[in-house]
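One structure is given below, encoded as structure tokens.
Start at 1 with the first residue, then count along the sequence. Treat the numbers as computed from the prediction; the structure is a model and nothing was measured. Below, each value reflects all heavy atoms present in this structure, side chains not excepted, and no hydrogens, waters or symmetry copies.
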Amino acid sequence: MSIYTLTITKDQAQVLTKATEILARLGIGQFRDALECLPTHEFMPDGWHEDMDSVGRTLSRHMIGGIDGYRSSLGIRNKDVSEASRIAWDLYQVLRHRLAWDLAVAEGTVVSADSQRKWPEMMQVHYDEPSRVSEQPLALIEKNNDLEQQLVDKNSAPRC
């Protein structure tokens with residue numbers, strides 16, 4: 001197994017979180033999250049829900065078990081879900097967990113990411129420890145303040 005290290009900003013982590021969630025949801029048949037990323041004139045314009053129902057009915061003719069991607073979908077542990085979708089789900093969980101805890105620290109909800117979870121302020125699933133569903137080990141993500149400063153310094157240097 002090869003191991004890689006990727007250094008990314010918080011904004012990049014948020015985009016990667018959304019991308020991995022969408023890939024995982026597509027793999028279980030939930031298409032709506034992906035379609036909500038389309039460049040529409042406005043978010044969920046008039047008739048959006050009716051159109052999504054129509055897309056779901058069309059797709060259900062071709063999907064495993066007749067799922068429609070909204071009212072029904074495959075679970076992430078379903079035998080028909082691809083390993084790539086499971087890996088994407090694992091990555092999504094790791095990323096959302098890290099971002100949620102970092103935000104809780106930044107907002108003063110907890111002192112550090114090593115603190116005990118504070119209830120009820122931290123009820124959302126984002127604070128749960130990631131649970132592996134793929135064959136791969138869970139990814140490791142750590143906040144590195146030293147690298148953060150190096151990246152800021154490097155990108156603020158004048159360019160020739």
Side-chain angles (χ1 to χ4, degrees), residues 4-110 113 117-144 148 151-152 155:
Y4 301 89
T5 300
L6 175 66
T7 303
I8 58 177
T9 66
K10 177 182 149 193
D11 289 344
Q12 292 166 336
Q14 289 171 331
V15 169
L16 200 53
T17 301
K18 185 67 174 171
T20 54
E21 179 186 17
I22 288 171
L23 179 59
R25 290 190 182 280
L26 284 172
I28 63 173
Q30 294 177 351
F31 63 88
R32 288 181 182 226
D33 288 314
L35 295 182
E36 288 174 5
C37 293
L38 291 172
T40 56
H41 294 288
E42 59 186 84
F43 183 69
M44 294 192 188
D46 285 340
W48 179 261
H49 296 291
E50 294 79 10
D51 290 343
M52 290 302 99
D53 285 340
S54 178
V55 170
R57 282 190 301 277
T58 300
L59 289 176
S60 71
R61 294 189 314 231
H62 309 284
M63 300 249 245
I64 294 169
I67 60 174
D68 71 359
Y70 183 61
R71 289 174 200 82
S72 59
S73 62
L74 303 174
I76 194 65
R77 296 181 190 275
N78 185 292
K79 67 178 177 56
D80 294 315
V81 172
S82 72
E83 181 65 2
S85 295
R86 293 175 202 270
I87 292 169
W89 185 254
D90 287 353
L91 288 169
Y92 165 62
Q93 289 183 90
V94 169
L95 288 162
R96 77 176 182 188
H97 181 259
R98 172 87 263 161
L99 290 169
W101 276 87
D102 286 350
L103 182 60
V105 171
E107 291 178 341
T109 304
V110 292
R117 189 170 175 173
K118 189 173 180 184
W119 298 91
E121 294 88 343
M122 298 170 74
M123 287 181 57
Q124 297 87 346
V125 69
H126 297 67
Y127 298 104
D128 293 350
E129 283 291 325
S131 174
R132 183 172 60 93
V133 296
S134 75
E135 298 289 326
Q136 297 291 312
L138 284 174
L140 174 64
I141 182 171
E142 296 175 340
K143 186 171 183 180
N144 188 316
E148 185 175 348
L151 191 60
V152 168
N155 286 310

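- Partners of Arg98 according to the salt bridge (Lys or Arg N to Asp or Glu O under 4.0 Å) rule, which considers only residues two or more places apart in sequence or in another chain, are Asp102.
- Counting non-hydrogen atoms of other residues, nucleotides and ligands closer than 6.0 Å to CD of Glu135 gives a total of 12 or fewer.
- Under the rule for a side chain to side chain contact (heavy atoms under 4.5 Å, CB included), the partners of Ser131 that lie at least two apart in sequence or sit in another chain are Arg77, Gln93.
- More than 12 non-hydrogen atoms from other residues, nucleotides or ligands lie less than 6.0 angstrom from OH of Tyr127.
- Of the inter-residue distances, the one linking Phe31 atom CZ with Asp68 atom CG reads 7.0 Å to the nearest 0.5 angstrom.
- Contact annotation: the side chain of Leu74 never approaches that of Met63 to less than 4.5 Å [non-hydrogen atoms, C-beta and beyond].
- Taking Asp80 as the reference, nothing meets the salt bridge (Lys or Arg N to Asp or Glu O under 4.0 Å) condition, with sequence neighbours excluded.
- Interatomic distance, Asp11 CG to Leu16 CG, rounded to the nearest 0.5 Å: 12.5 Å.
- A 4.5 Å side-chain heavy-atom check between Asp128 and Arg117 finds at least one atom pair inside the cut-off.
- Evaluation of the salt bridge (Lys or Arg N to Asp or Glu O under 4.0 Å) test over residues 83-93, restricted to residues two or more places apart or in two chains, returns none.
- Note: Ile64 CD1 to Asn78 CG = 7.0 Å, rounded to the nearest 0.5 Å.
- Remark: Thr17 OG1 to Leu99 CG distance equals 4.5 Å, nearest 0.5 Å.
- Side-chain contact between Lys143 and Val105: absent, with no pair of heavy atoms (C-beta onward) separated by less than 4.5 Å.
- Here the CG atom belonging to Leu59 is positioned 9.0 Å from the CD1 atom belonging to Ile67, to the nearest 0.5 angstrom.
- Sorted by first and then second residue, the salt bridge (Lys or Arg N to Asp or Glu O under 4.0 Å) pairs involving residues 12-26 (not counting sequence neighbours) are Glu21-Arg25, Arg25-Asp33.
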Sequence neighbours left out, cut at 3.5 Å: what donor-acceptor pairs do the side chains of residues 44-58 make with other protein atoms?
from	atom 1	to	atom 2	distance (Å)
Asp53	OD1	Arg32	NH2	2.9
Asp53	OD1	Arg71	NH2	3.2
Thr58	OG1	Ser54	O	3.1

